[in-house]
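When a residue number appears, it is its place in the shown sequence, counting from 1. Keep in mind the model is a prediction, meaning the values are calculated, not measured.
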Amino acid sequence: MPTLDIRIDGMTCQHCIRAVFTALAGVEGVERADVQLGRASLEHDGRATLEGVRAAVAVAGYRVIDGQDAKRRLPTL
């Protein structure tokens, strides 16, 4: 499953985390979102784009600084 890792500007508290999580939950194709202060990691079905994620985060009042698409990584031993 593809992943998208983003850095987010302006997050300072738990309320920010909830607001971004809620915004990302509405992005088409997002299966899972792990949101922490200043960043988020998303698993998606291939339909989610950085532009769509950026727009959703902006609606929540924050700004995506950068993002990186990647395939899901297996743990290294």
Side-chain angles (χ1 to χ4, degrees):
M1 183 170 288
T3 62
L4 177 61
D5 297 319
I6 58 173
R7 290 190 315 137
I8 305 166
D9 187 37
M11 296 174 67
T12 59
C13 64
Q14 279 300 114
H15 171 74
C16 300
I17 291 171
R18 282 192 303 273
V20 169
F21 180 84
T22 300
L24 293 174
V27 175
E28 185 177 3
V30 171
E31 301 278 332
R32 186 188 68 79
D34 177 26
V35 181
Q36 299 178 11
L37 285 179
R39 64 188 182 92
S41 179
L42 314 171
E43 287 185 2
H44 60 93
D45 64 7
R47 293 180 294 160
T49 63
L50 180 57
E51 293 77 25
V53 168
R54 189 182 306 271
V57 171
V59 167
Y62 306 95
R63 183 174 65 93
V64 173
I65 299 169
D66 64 19
Q68 179 179 12
D69 279 312
K71 295 285 185 193
R72 185 171 182 176
R73 295 173 225 99
L74 295 175
T76 56
L77 300 174

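Summarising the geometry, atom CG belonging to D45 is positioned 5.0 Å from atom CD belonging to E31; distances are rounded to the nearest 0.5 Å. From R63, atom CZ reaches atom CZ of R54 across 8.5 Å, with rounding to the nearest 0.5 Å.
In the hydrophobic clustering (ILVMFWY side chains linked at under 4.5 Å, chained through shared members), V35 is joined by L4, I6, I8, M11, I17, V20, F21, L24, V27, V30, L37, L42, L50, V53, V57, Y62, V64.
Shortest non-hydrogen contact noted between C16 and G10 is SG-O, 4.2 Å. The two residues A60 and A19 have their closest heavy-atom pair at CB-O, 3.9 Å.
Partner S41 forms a side-chain hydrogen bond (donor to acceptor under 3.5 Å, both in side chains) with one of D34, T3, D5 and no other, that one being D5.
Sparse packing is recorded around CZ of R39, with 12 or fewer heavy atoms of other residues, nucleotides or ligands lying under 6.0 Å away.
T49 meets the side chain to side chain donor-acceptor pair (under 3.5 Å) test with no other residue; sequence neighbours excluded.
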